[in-house]
There are 2 protein chains.
Amino acid sequence: MNERQTIGQAATASGMPADNIRYYEKIGLVAKPSRTEGNYRTYGPNEVRRLGFIRRARELGFSIEQVREMLEMTPHHEQDCGRVDQLTHEHLLSIDRKIADLTALRHELEAMLTSCHGGTVRDCRILEAIAPSKSAVTPHRHAVGQAKI
Amino acid sequence: MNERQTIGQAATASGMPADNIRYYEKIGLVAKPSRTEGNYRTYGPNEVRRLGFIRRARELGFSIEQVREMLEMTPHHEQDCGRVDQLTHEHLLSIDRKIADLTALRHELEAMLTSCHGGTVRDCRILEAIAPSKSAVTPHRHAVGQAKI
DNA sequence: TATAAACCCTGGAGTTACTCCAGGGTCAAG
DNA sequence: CTTGACCCTGGAGTAACTCCAGGGTTTATA
């Protein structure tokens, strides 16, 4: 009749592995829950809902820090929700950027694939497309970021 | 008249920071280069081209391990290049998956954004959309992977 | 009641691919 | 001969987990 759940049950209910819950506790994203006599964590319905919120926000691609900000906001009912809107907007933009990058990449890879008609490594069109030509090298400034894809 | 370059020059020529070159050396992706008397690394044109290849392949989103495999293949001119094709194909598929995931996400976020017309946190449509409803919780098996986006 | 299976605990290491730093040495120009 | 730009090493830090060993606890079964 006790509605408090063990970490495994909370994991099942919220849709994430128990390890994640402990991790979120460690980084202070969720509060330390109460414990049983046997030192087991126990979670009430509110805590489980909070975990579900986190899982869903992460699934939507929000970073832990963004989730943290949203969680800190939710108890302040009267506060303006413009910040949530802004976070979502920023997130949407970054997704658009990723989609654009990946689409460009997709085209390059597809072109490389269609140009390859088998054969040996010596005349592989794909390796050729990746390799820098013997003369030209792209100039650049230091500290150019690598593609994070 | 010596065409060997310092790590900084090789970095500029290949388009990546010097730190990356040292890192690639550390993980064995590139061989240890020769050194000057003052213990500076020096790179010849072939090594610089190899670095350029790496940078380009990384830019195309191949993982280090995939790059490693391609690099190990290039000296074997007579070998069939089907493996390169396969790697590229797999990579293309994973990109397609990512694009699909991100596009789905995009739609969700956009829907959330258009449903939000300002107001307080209490009736924020976005937070509402993320929060799990009081009753329904998605069942799941343990060890469900999180979205990596 | 005994014991095995299933669950939970902690702390720490490993993952990817870098990025940045401190605390030094080396080299070229003025 | 000093200043500044470059280079060296080793190690820590990043994001967000994921997995493990070596324990303790609880529950179901024999």
Side-chain angles (χ1 to χ4, degrees), chain A residues 2 4-30 32-43 51 54-69 71 91 94 98 141-149, chain B residues 2 4-30 32-43 51 54-69 71 91 94 98 141-149:
Chain A
N2 190 351
R4 294 195 74 80
Q5 299 178 284
T6 67
I7 198 170
Q9 292 164 336
T12 300
S14 65
M16 62 171 79
D19 268 349
N20 281 22
I21 301 179
R22 291 195 201 92
Y23 171 69
Y24 292 149
E25 182 184 328
K26 189 161 70 181
I27 65 172
L29 190 63
V30 298
K32 298 187 180 194
S34 56
R35 303 277 185 136
T36 65
E37 285 191 4
N39 201 30
Y40 282 19
R41 291 170 178 82
T42 60
Y43 299 88
L51 290 170
I54 294 171
R55 198 223 56 189
R56 173 88 177 121
R58 292 285 306 126
E59 202 172 84
L60 288 167
F62 288 98
S63 71
I64 294 277
E65 287 317 307
Q66 287 173 321
V67 176
R68 194 191 295 273
E69 207 177 327
L71 282 173
H91 185 40
S94 96
K98 275 180 198 157
R141 275 177 294 288
H142 260 216
V144 157
Q146 291 310 104
K148 280 161 192 160
I149 298 152
Chain B
N2 190 351
R4 293 194 75 79
Q5 299 178 282
T6 66
I7 199 169
Q9 292 163 338
T12 301
S14 65
M16 62 172 78
D19 268 350
N20 281 21
I21 300 179
R22 291 197 201 92
Y23 171 69
Y24 291 149
E25 182 184 327
K26 190 162 68 181
I27 64 171
L29 190 63
V30 298
K32 297 186 181 195
S34 57
R35 302 277 185 138
T36 65
E37 287 191 2
N39 201 30
Y40 283 20
R41 290 169 178 83
T42 60
Y43 299 88
L51 291 171
I54 295 171
R55 198 224 54 191
R56 173 88 176 120
R58 291 287 306 128
E59 202 171 86
L60 287 168
F62 288 99
S63 72
I64 294 277
E65 288 316 306
Q66 288 173 322
V67 176
R68 194 191 296 272
E69 206 175 329
L71 282 172
H91 184 40
S94 95
K98 274 179 197 158
R141 274 176 296 286
H142 262 216
V144 159
Q146 294 308 106
K148 280 161 193 161
I149 297 151

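Protein chains get the first letters and strands the later ones, always in sequence-line order, with residue 1 at the start of each.
- Across every non-hydrogen atom of A:V67 and A:A57, the tightest pair is CG2-CB, 3.7 Å.
- Interatomic distance, OG of B:S14 versus CD1 of B:I21, reported as 4.5 Å (0.5 Å rounding).
- Looking at residues two or more places apart in sequence or on another chain, you find a side-chain contact (heavy atoms from CB on, under 4.5 Å) between B:S34 and B:R4, B:T42.
- In this structure the side chain of A:R58 reaches within 4.5 angstrom of the side chain of A:Y24, judged on heavy atoms.
- Between B:T36 and B:I64, the residue whose closest nucleotide on DNA chain C is further toward the 5' end is B:I64.
- When every heavy atom of A:P17 is checked against every heavy atom of A:A11, the shortest pair comes out as C-CB, 4.0 Å.
- Look at CG on B:L60: it is 15 Å from P on C:dA17, rounded to the nearest Å.
- You'll find the side chain of B:R41 reaches within 4.5 Å of the side chain of B:P33, heavy atoms only.
- At whole-Å resolution of the value, CD1 in A:I54 and C1' in D:dA15 are 16 Å apart.
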(message) The test is salt bridge (Lys or Arg N to Asp or Glu O under 4.0 Å); show your working for B:R22 and B:E25 and say whether it passes.
(response) CA-CA 5 Å; B:R22 291 197 201 92; B:E25 182 184 327; over 6 Å; no

Protein-nucleotides 3-7 of chain C N/O pairs under 3.5 Å:
from	atom 1	to	atom 2	distance (Å)
C:dC7	O2	A:Y40	OH	3.2

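- Between B:I27 and B:R68, the closest side-chain pair of non-hydrogen atoms falls below 4.5 Å.
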Just the atom pairs and distances: protein N or O near nucleotides 10-12 of chain C's N or O, under 3.5 Å.
from	atom 1	to	atom 2	distance (Å)
C:dT10	OP1	A:R35	NH1	3.4
C:dT10	OP1	A:R35	NH2	2.8
C:dT10	OP2	A:R41	NH1	2.9
C:dT10	OP2	A:R41	NH2	2.7

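- Regarding contacts with the backbone of D:dC17, a side-chain N or O of A:Y24 is found under 4.0 angstrom from either OP1 or OP2.
- Per the geometry, CD belonging to B:E37 stands 13 Å off C1' belonging to C:dC27, to the nearest Å.
- Residue B:M16 contributes atom CE, which lies 18 Å from atom C1' of C:dC20 at whole-angstrom precision.
- Taking every side-chain heavy atom of B:R58 into account, C:dC18 is the closest of C:dT19, C:dC18, D:dT18.
- Residues meeting the ring-ring contact (aromatic ring centres under 6.0 Å, His included) test with B:F62, sequence neighbours left out: B:H91.
- As rounded to whole Å, 18 Å separates atom P of C:dC27 from atom CD of B:Q5.
- Overall, the helix from C:dT1-D:dA30 to C:dG30-D:dC1 carries an axis bend of 20° between its ends, with five pairs at each end and the value rounded to 10°.
- Straight-line distance from the CD atom of A:Q66 to the C1' atom of D:dA15: 13 Å, rounded to whole Å.
- Across the protein-nucleic acid pair, B:E65 atom CD and C:dT16 atom P stand 7 Å apart, rounded to whole Å.
- Following rounding to the nearest Å, B:I21 (CD1) and C:dA17 (P) show an atom-to-atom distance of 18 Å.
- Using a 4.5 Å heavy-atom threshold, the side chains of A:K98 and B:K98 count as separate.
- Of the candidates D:dT26, C:dT19, C:dA17, the closest approach to any side-chain atom of B:N20 belongs to C:dT19.
- Within the 4.5 Å cutoff, the side chain of A:T12 has no heavy atoms near those of the A:Q9 side chain.
- For B:S63, the side-chain contact (heavy atoms from CB on, under 4.5 Å) partners two or more places apart in sequence, or in a different chain, are B:E65, B:Q66.
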